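Remember, it's 1-based here, ligands and their atoms both numbered in the order they're listed. Sequence positions, counted from 1, serve as the residue numbers for this chain. All figures in this text were calculated on a predicted structure; none of them were measured in a lab.
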Amino acid sequence: MAKVIAIANQKGGVGKTTTAVNVAASMAATKRKVLLIDLDPQGNATMGSGVDKYDVDSTCYELLIEEKPVQDVVITETTGKYHLIAGNSDVTAAEIKLMEVFARELRLRNALEPVRNYYDYIFIDCPPSLSQLTVNAMAAADSVLVPMQCEYYALEGLTALMDTIKKLASVVNPELKIEGVLRTMYDPRNRLANDVSEQLKRHFGDQVYRTVIPRNVRLAEAPSFGAPAMYYDKSSTGAKAYLALAGEILRRRNKNLKKAS
Ligand SMILES: Nc1ncnc2c1ncn2[C@@H]1O[C@H](COP(=O)(O)OP(=O)(O)O)[C@@H](O)[C@H]1O
Ligand SMILES: [Mg+2]
């Protein structure tokens with residue numbers, strides 16, 4: 001049974017897409033079956049997976065609005081060795097059309113039902129807003145992974161985001177959990193980053209991943225080569241950090257399964 005993880009933060013530029021692409025590739029490298037859904041009309045996760053967003057047969061639009069079967073919209077060839085449902089500007093149209101349809105919050109959840117048993121992990125790269133698309137992601141997900149930069153006001157923003165997630169969850173998906181808070185673009189020489197990181201741990205405890213994603217130029221360069229960092233420079237600190245994150249996600253899941261049994 002797939003674990004469905006939405007990667008969300010209404011702030012732009014915090015590392016959602018970088019996390020989505022690199023954690024999907026890292027998880028696929030551990031022989032798990034992985035699907036990445038690019039729910040952002042910017043299509044950055046699509047391009048970063050080596051797929052031309054201007055030249056795809058279907059996107060999340062066909063999945064959500066035309067209700068094409070999920071198997072027919074999945075792209076199986078990506079540089080990261082995971083499956084992909086592409087995103088591009090058509091997804092903006094999907095967002096508008098969603099407003100008119102019945103049970104619009106549950107479109108993605110229902111669409112994914114036929115493949116929940118096939119994949120081990122499904123990651124959803126959310127747009128930088130709390131739009132109807134993000135609501136669909138939260139309704140479809142088991143948990144939310146929140147990437148954040150350790151900067152001034154980050155904690156305030158995060159508390160507000162957690163409240164919003166809880167409120168949303170109580171309406172569309174009471175089972176929704178916080179998967180974890182991920183520190184991204186981290187610079188250990190920056191004192192403010194260290195202070196914020198400490199506050200974060202005090203406030204959110206175990207929910208903060210031990211793995212920290214460093215600021216690493218390879219992570220920023222890799223998308224222009226249409227590849228996750230591990231296929232662009234596998235020895236880079238960025239590639240290694242995302243492999244470590246995949247390991248931590250796997251260990252947490254095992255621990256929780258043991259606790260539950
Ligand atoms: N750890 C990192 N080190 C260096 N650059 C990064 C890192 N993470 C993300 N970036 C860069 O920062 C920008 C924003 O990241 P992105 O993942 O697109 O954020 P979001 O999806 O939240 O908008 C991109 O140009 C990306 O390449
Ligand atoms: Mg993005």
(message) Using a 4.0 Å cutoff against the non-hydrogen atoms of Val14, which atoms of ligand 1 qualify?
(response) 19 (O), 20 (P), 22 (O)
(request) Identify the protein heavy atom lying closest to atom 18 (O) of ligand 1, giving its residue, its atom name and the separation to 0.1 Å. (result) Thr17 CB, 4.0 Å
(message) Using 30° and 60° as the class boundaries, would you call the ring planes of Tyr119 and His83 parallel, tilted or perpendicular?
(response) perpendicular
(message) Considering non-hydrogen atoms of the protein only, which is the closest contact for atom 9 (C) of ligand 1, and what is the distance?
(response) Thr18 OG1, 3.2 Å
(message) More than 12 heavy atoms of other residues, nucleotides or ligands under 6.0 Å from NZ of Lys68: yes or no?
(response) yes
(request) Report, as yes or no, whether the 6.0 Å neighbourhood of atom CG on Asn254 holds more than 12 heavy atoms from other residues, nucleotides or ligands. (result) yes
(request) Under 4.0 Å, heavy atoms only, figure out whether ligand 1 is touched by the backbone of Pro214, its side chain, both or neither. (result) backbone
(request) Please report which non-hydrogen protein atom sits nearest to atom 4 (C) of ligand 1, along with the residue it belongs to and the distance in Å to one decimal place. (result) Asn216 O, 3.3 Å
(request) Using a strict cut-off of 4.0 Å, indicate which atoms of ligand 1 neighbour a heavy atom of Leu219. (result) 1 (N), 2 (C)
(request) Please verify whether a non-hydrogen atom of Gly12 lies at under 4.0 Å from ligand 1. (result) yes
(message) Please check whether Lys16 reaches ligand 1 - meaning an N/O of the residue sits under 3.5 Å from an N/O of the ligand, judged on distance alone.
(response) yes
(request) Could you find the nearest protein heavy atom to atom 19 (O) of ligand 1 and give me its residue, atom name and distance? (result) Gly15 N, 3.0 Å
(message) Starting from atom 23 (O) of ligand 1, what is the nearest protein heavy atom, named by residue and atom, and what distance separates them?
(response) Gly13 N, 2.7 Å
(request) Take atom CD of Glu77 as the centre, draw a 6.0 Å sphere, and report whether it contains more than 12 heavy atoms from other residues, nucleotides or ligands. (result) no
(request) Would you mind checking which non-hydrogen protein atom is closest to atom 5 (N) of ligand 1, with the distance to 0.1 Å? (result) Ala220 CB, 3.7 Å
(request) Give a yes or no on whether a salt bridge exists between Lys201 and Glu198, defined as a side-chain N under 4.0 angstrom from a carboxylate O. (result) yes
(message) Is there a path of hydrophobic side-chain contacts, each under 4.5 Å between heavy atoms, that joins Ile213 and Leu243?
(response) no
(request) Going by the side chain to side chain contact (heavy atoms under 4.5 Å, CB included) test, name the single residue among Arg253, Lys3, Lys177, Met1 that passes it with Asp142. (result) Lys3
(message) With respect to the Mg ion (ligand 2), please indicate if Gln42 possesses an N, O or S atom at a distance under 2.8 Å.
(response) no
(message) Return the closest protein heavy atom for atom 6 (C) of ligand 1 as residue, atom name and distance.
(response) Met185 CG, 3.9 Å
(request) Look at atom 13 (C) of ligand 1 and say whether a protein heavy atom is found at less than 4.0 angstrom from it. (result) no
(request) Answer yes or no: is there an ion pair linking Glu100 with Lys97, defined by an N-O contact shorter than 4.0 Å? (result) no
(message) Using the rule that Ile, Leu, Val, Met, Phe, Trp and Tyr join whenever any side-chain heavy atoms are under 4.5 Å apart, tell me whether Val4 and Val172 fall into a single cluster.
(response) no
(request) Under 4.0 Å, heavy atoms only, figure out whether ligand 1 is touched by the backbone of Ile213, its side chain, both or neither. (result) side chain
(request) Work out which heavy atom in Asn136 is nearest to a heavy atom in Leu64; give both atom names and the distance. (result) OD1-CD2, 4.4 Å
